[in-house]
Amino acid sequence: MALINSDVPNLLNGISQQPATLRLTSQGETQINGFSSIVQGLIKRLGSQHIGKLDSTALGATDAVYWIDRDKDNRYVVIIKSDGTIGNTSCTIYDDAGASTTLTASSGLSYLVTTNPKENLRFVTIADYTFVTNSSITTAMASTTSGGTVVGTVQTFGELPTTSVVGDKYEILGDDTNEFDNYYVVAQTTTGEYVETVLPGMQTTFNSATMPHQLILTAGSFAFGPATWSVRDVGDEASAPLPSFVGQTINDVFFYKNRLSFLSKENIIMSATSDFYTFFPTTVTAVPDDQTIDIAISHNKVSILYAAVPFNETLILFSSHTQFVIDDATTLSPATISISATTEFKNNSQSIRPVAAGPRLYFTTESGQFTSFYEYFVDTDAISKDATDVSGHVPQYIPKNITKIVASSNEDTLFALSSDNPNRIYVYKWYWAAGGTGTGSTKVQSSWSFWECSSTDSINDIDVIDNDLYIIVSRADGVYYDKIQLQNVPETGLSYSIRLDRKKELTGVYVSGTNTTTWTLPYVEPTATNMKAVKGGGWSTQKGSDITTARPTTTTITATGDYSAQTVWVGVPYTFDYTFSTQYVKAAEVATTSGRLQLRNFSVIYEDTTFFQATVTPLYRSTYTYTYNGLLLNEAATLLDEVKLSSGTFRFPVASLNTTATISLTSDSHLPCAFQSAEWEGFYTTRSKKI
């Protein structure tokens with residue numbers, strides 16, 4: 001029997017569902033409300049901040065939410081509800097403080113009527129204009145037709161009469177062997193001045209009620225209505241055909257290389273450059289580079305296009321089974337555009353738009369009752385494109401029915417929502433280190449975990465703006481607007497961020513007759529909910545410590561004594577939980593199972609930490625809890641009721657066989673905890689020696 005020790009070099013790779021013998025040492029069994037930070041280690045996630053209450057009625061599963069981020073002074077969230085009837089269709093817009101803004105809709109909201117706004121409505125914002133498409137509405141032309149009469153035909157432009165009647169139209173035949181070089185002109189003056197025009201009797205105008213609509217931002221208010229689209233004013237059906245989306249539905253809208261663009265069936269349709277309302281050619285005598293584009297993909301499968309994502313200096317198109325890429329020349333034009341199939345991965349782009357994050361793009365696919373996430377990338381060394389399953393080690397972790405994915409390129413983090421677990425946010429954290437092969441870097445972190453709020457909460461939508469995760473969440477009394485900072489920014493006057501959800505800084509009111517301080521909440525929280533009041537950074541003593549409180553009503557918190565001199569932070573505690581994988585003797589990440597490992601003790605290395613608990617649960621025995629509270633003997637800075645962040649090593653006994661002990665770290669405190677690594681010590685017995 002030998003006394004040995006080993007370490008867990010870091011806790012950065014989240015959880016794994018592989019057998020413990022196959023996992024990386026840095027992967028755990030469970031991770032809830034933790035964040036795997038390359039800089040800080042495994043930390044308790046930051047708490048959510050209450051912004052405001054949006055509505056007294058909870059959102060439905062099919063209600064659409066869209067975020068407008070024009071600039072730091074103009075950020076809005078759009079909520080659209082509809083059950084397929086105009087009477088129950090609404091559009092409400094809120095600013096970044098949670099206040100509703102003015103919306104006028106002079107033509108009504110009929111374009112937004114659909115039984116599933118979340119799936120059928122797509123949006124894109126260009127400066128002050130947000131374009132909205134409804135994939136349940138078939139686009140159409142209006143009955144308007146071009147007037148006039150063709151009074152003559154000539155072979156070339158030079159053969160036109162030098163005197164004419166204003167409004168007379170002529171057909172110029174051009175080459176008799178080419179029906180596509182015919183065009184039409186109309187006399188502008190009586191002295192033989194002509195301009196290109198359209199064949200009489202042609203449909204010229206889109207039915208604007210069936211075309212994408214727009215939200216226009218003006219000085220903090222919005223107007224919703226149909227756009228004014230350019231008409232067909234040159235050519236005929238051969239030289240200027242109707243756009244391919246006419247008579248079809250539009251599946252997606254996006255902006256690429258200064259063109260407003262649509263996906264319809266197997267076609268991609270782009271406006272003229274810098275002219276977002278023009279989808280007809282402006283001339284048929286030439287093909288300028290800035291002309292409209294309408295091109296179908298070529299593939300041996302039926303490939304209805306559902307999503308388009310500008311990515312890595314090109315455009316990725318998604319059908320339900322295939323990814324296509326535009327083979328982009330320096331100038332995107334009708335003459336140079338070409339589309340090629342690149343990869344064949346099944347995906348959910350019809351309901352979930354893929355998201356780009358830096359040089360990679362993420363999309364989902366359902367695998368039975370669960371969801372897989374793929375990371376699409378361009379291998380610059382091999383000059384190829386591919387995708388890898390980044391959830392392959394957690395195949396039954398992320399449920400199906402994903403409703404939203406967003407990513408933060410700054411924080412290398414992806415967030416996902418599923419209607420199967422509506423109170424959870426699934427978190428994928430990655431990090432690529434310089435060096436390696438292929439894409440020129442090596443992935444050193446691939447961490448899955450989830451954040452969890454109250455079981456009665458239902459998270460409707462999320463978005464990342466700058467370094468904040470914004471959240472729309474339905475609770476028992478309505479819809480709320482919260483946010484979680486993704487960077488660890490301390491509260492004013494404190495050296496850390498307080499770990500409470502729905503946190504808000506409040507000033508109490510003291511009543512001397514009852515010797516009671518009362519804080520009024522900006523929201524309703526059941527009296528049975530445990531809430532905390534924590535002294536803010538303005539207090540001269542005991543800042544950061546919590547106050548003993550009571551909950552007399554659903555909107556108040558009280559405490560005995562006078563605490564009205566400075567602000568306090570109030571909020572709902574949440575629990576951080578990390579369970580280590582079963583520990584084995586390993587060599588180069590290969591586990592040895594031939595011997596017997598009796599764990600003696602465990603140590604965790606922490607930094608800037610004030611409170612956590614380590615629990616050990618041996619098989620068929622009670623759980624043993626060991627608490628670290630930041631109070632260290634023989635340190636002058638250690639004072640009761642004073643919050644102090646410390647760094648060091650916390651050691652606790654295990655005294656159990658490695659395969660029968662569950663070792664966890666937990667914290668339900670408002671104080672931070674951060675873990676860098678761990679070590680264990682144990683007796684190892686083996687009957688043989690490996691050769």
Side-chain angles (χ1 to χ4, degrees), residues 48-71 73-126 128-137 209 212-227 253 403-404 406 417 419 422 457-463 465 468-483 502 522-524:
S48 65
Q49 302 176 26
H50 169 80
I51 296 177
K53 184 176 181 179
L54 304 185
D55 199 340
S56 297
T57 304
L59 292 186
T62 61
D63 293 340
V65 179
Y66 177 69
W67 307 78
I68 297 175
D69 180 21
R70 186 193 186 282
D71 53 53
D73 297 318
N74 289 278
R75 289 171 175 164
Y76 304 90
V77 58
V78 182
I79 296 179
I80 297 174
K81 301 179 180 181
S82 180
D83 64 356
T85 63
I86 186 62
N88 291 321
T89 298
S90 65
C91 177
T92 313
I93 304 176
Y94 304 89
D95 62 21
D96 59 358
S100 61
T101 63
T102 300
L103 172 66
T104 58
S106 57
S107 299
L109 300 175
S110 58
Y111 186 75
L112 302 178
V113 174
T114 174
T115 56
N116 193 335
K118 181 187 286 290
E119 184 168 312
N120 294 334
L121 299 183
R122 292 286 178 99
F123 308 80
V124 67
T125 297
I126 307 171
D128 292 329
Y129 293 77
T130 296
F131 293 90
V132 186
T133 65
N134 186 339
S135 64
S136 66
I137 292 179
H213 281 41
Q214 57 189 7
L215 273 170
I216 303 175
L217 170 64
T218 306
S221 298
F222 286 86
F224 177 78
V253 57
T403 59
K404 183 72 176 286
V406 296
L417 300 179
S419 59
D457 291 353
S458 180
I459 302 173
N460 303 111
D461 205 89
I462 53 176
D463 198 26
I465 300 177
D468 297 320
L469 177 68
Y470 287 85
I471 304 170
I472 302 297
V473 55
S474 290
R475 299 186 170 101
D477 63 313
V479 183
Y480 286 87
Y481 189 17
D482 296 347
K483 77 172 181 178
R502 308 192 76 182
Y523 49 79
V524 173

Heavy-atom pair with the smallest gap, counting every atom of [X] and [Y]:
X: Val406; Y: Lys404; value: CG1-CE, 3.7 Å
X: Leu109; Y: Ile86; value: C-CD1, 3.7 Å
X: His50; Y: Lys53; value: CE1-N, 4.1 Å
X: Gln214; Y: Pro226; value: NE2-O, 4.1 Å
X: Ser135; Y: Glu119; value: OG-O, 4.5 Å

For residues [X] and [Y], determine if any side-chain heavy atom of one lies less than 4.5 Å from a side-chain heavy atom of the other.
X: Tyr76; Y: Thr130; answer: no
X: Ser474; Y: Asn460; answer: yes
X: Pro212; Y: Val253; answer: no

Practice problem: Go through the side-chain N and O atoms of Thr114 and Asn116 and say whether any donor and acceptor fall under 3.5 Å apart. | Solution: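 Result is no, nothing qualifies.
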Practice problem: Could you tell me whether a side-chain N or O of Thr89 sits under 3.5 Å from a main-chain N or O of Val113, the two making a donor and an acceptor? | Solution: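 Checking the backbone N and O of Val113 against the side chain of Thr89, no donor-acceptor pair under 3.5 Å is found.
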Exercise. Check step by step if side chain to side chain contact (heavy atoms under 4.5 Å, CB included) holds for Thr133 and Tyr111.
Key: CA-CA 9 Å; Thr133 65; Tyr111 186 75; 4.2 Å; yes
Under 3.5 Å, which donor-acceptor pairs do the side chains of residues 59-67 form with other protein atoms, sequence neighbours left out?
from  : atom 1 : to     : atom 2 : distance (Å)
Asp63 : OD2    : Gly60  : N      : 2.6
Tyr66 : OH     : Thr125 : N      : 3.3
Tyr66 : OH     : Thr125 : OG1    : 2.7
Trp67 : NE1    : Asp461 : OD2    : 2.7

Separation between [atom1] of [X] and [atom2] of [Y], rounded to the nearest 0.5 Å:
X: Ile79; Y: Tyr481; atom1: CD1; atom2: OH; result: 9.5 Å
X: Leu103; Y: Phe224; atom1: CG; atom2: CZ; result: 8.5 Å
X: Thr403; Y: Lys118; atom1: OG1; atom2: NZ; result: 5.0 Å
X: Asp128; Y: Ile126; atom1: CG; atom2: CD1; result: 11.5 Å
X: Asp55; Y: Asp477; atom1: CG; atom2: CG; result: 10.5 Å
X: Ile472; Y: Leu54; atom1: CD1; atom2: CG; result: 5.0 Å

Self-check item: Evaluation steps, side chain to side chain contact (heavy atoms under 4.5 Å, CB included), between His213 and Asn134
Solution: CA-CA 9 Å; His213 281 41; Asn134 186 339; over 6 Å; no
Quiz item: Considering the options Asp468, Asp95, Asp69, which one meets the salt bridge (Lys or Arg N to Asp or Glu O under 4.0 Å) requirement together with Arg75?
Solution: Asp69
Quiz item: Should we say atom OH of Tyr523 is surrounded by more than 12 heavy atoms from elsewhere, each under 6.0 Å from it?
Solution: yes
Quiz item: Do Asp482 and Arg475 meet the salt-bridge criterion of a basic N to acidic O distance under 4.0 Å?
Solution: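 Salt bridge present between Arg475 and Asp482.
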Quiz item: Where do Ile51 and Tyr94 land on the side chain to side chain contact (heavy atoms under 4.5 Å, CB included) test, with the steps shown first?
Solution: CA-CA 11 Å; Ile51 296 177; Tyr94 304 89; over 6 Å; no
Quiz prompt | side chain to side chain contact (heavy atoms under 4.5 Å, CB included) evaluation trace for Ile93 with Leu215 | solution = CA-CA 10 Å; Ile93 304 176; Leu215 273 170; 3.9 Å; yes
Quiz item: Asp83: what forms a salt bridge (Lys or Arg N to Asp or Glu O under 4.0 Å) with it, not counting sequence neighbours?
Solution: none
Exercise. For Asp463, check salt bridge (Lys or Arg N to Asp or Glu O under 4.0 Å) against everything at least two apart and list the hits.
Key: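 Salt bridge (Lys or Arg N to Asp or Glu O under 4.0 Å) check on Asp463 returns nothing, list empty.
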